[in-house]
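Read the numbers this way: they start at 1 and go in the same order the structure lists the ligands and their atoms.
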Amino acid sequence: MTAVEPPLALLAELTHRCPLRCPYCSNPLELSRASAELDTESWKRVLGEAAVLGVLQVHFSGGEPLVRRDLADLVRHAAEIGLYGNLITSGISLDAGRLAALVEAGLEHVQLSFQDAEMVSGDRIAGLAGAQEAKRRAARLVREAGLPLTVNAVVHRQNLDGLGEMIELAVALGADRLEVAHVQYYGWALRNRAALLPSRDQLDAATVAVEAARARLAGVLVIDYVLPDYYAHRPKACMGGWGRRFLNVTPAGKVLPCHAAETLPALDFPTVAEASLSDIWYRSSAFERFRGTDWMPEPCRSCDRREIDWGGCRCQAFALTGDAARTDPACTLSPDRELLVGARKDADETAPGFVYRQHSAAPGRSPQLVSLME
Ligand code: SF4
Ligand code: FES
């Protein structure tokens, strides 16, 4: 067994509250209420423990982290203890005053999500009228403030044909980087899989568009794009391997190796109230469970990629097979690979409508939003 290295990054999920209702939402099916969220002092303690543990970057995320009034306090604390602070946001409620406070507190980078390049479709997927206009305004503010900007685009059947326009939008907004991420099918997204999984033809056209744009925009825009698991031959090293690079702290303080790990039933994830991040990272049974290669079944156990992809994604293995300890069916060597075939067939049929994520505690539900919901 190789020595356990400290994590590189902490995903601080400050809240599950969110003004959007994306049908691929990666937050757990059971959301934390605002009253259950860690308070400011607890988050500061967690950030301090992360710095001591060796974490270099903190990603302030959610839900929508801007709904936390103490966000600038937390950003300041992170900067003071040497953590690189990145904000992952929908941008919906970002205004010049709020951004100036965050910049003054030491924020170093912003990742802004877009649901589509086209306004009507973007608002429809986000489930909020006016969302796209607000996001464009937020992007302008971020660039005017001199912060580097990454555009996050989650792609799927309903927006993949517009990927070329999304690339142009990222350039027009002055982004340095475009992260194109295919939907991961667990939690809420699994419920909408038939509506969201793209067809092979869509995927091939998108790959051509990305390759052409990468050549044309070299030195202007970095485009991160990888094939989605359902069409790949080998899985990705999810999170860089379980308990190897990242840790997640949920709004209520549970410490996880990935944002979806709460979907796995048999693991007991400690909270920051029960143990230090260091204890949890190095000694908790939940982080040990799928770390390294000892846990692997065949064919992973004797595979020469076992320390490259670490057996793929545990949450996807569980979502598809009901057993988190099986080889990820995204691998063609998996005995469960057939489970993906039916899903891909569905992608060639007419897409059903999707089911919006409902946030009972969503703030600012506007009359426009109500009309979209009806
Ligand atoms: Fe990765 Fe396991 Fe497939 Fe080998 S068999 S490529 S280790 S998922
Ligand atoms: Fe949990 Fe991949 S999302 S291991």
Q. What's the spacing between F287 CZ and W281 CH2 if we round to 0.5 Å?
A. 6.0 Å
Q) Could you give the distance from NE2 (H59) to CD (Q111), rounded to the nearest 0.5 Å? A) 7.0 Å
Q) Tally of protein N/O/S atoms under 2.8 Å from atom 2 (Fe) of ligand 1? A) 1
Q) Any side-chain heavy atom of L94 sitting closer than 4.5 Å to one from V110? A) no
Q. What atoms of ligand 2 come within less than 4.0 Å of a heavy atom belonging to Y186?
A. 3 (S)
Q: Describe, in one word, how the ring planes of W295 and F290 are oriented to each other, choosing from parallel (under 30°), tilted (30 to 60°) and perpendicular (over 60°).
A: perpendicular
Q) So, do Y231 and H182 have ring centers that fall under 6.0 Å from each other? A) no
**Q.** W188-Y24 aromatic ring centre distance below 6.0 Å
**A.** no
salt_bridge([X], [Y]) N-O dist < 4.0 Å:
X	Y	value
D309	R234	no
K236	D229	yes
E41	R45	no
E37	R17	yes

Q. What protein N/O/S atoms lie closer than 2.8 Å to atom 2 (Fe) of ligand 2?
A. C238 SG, C313 SG
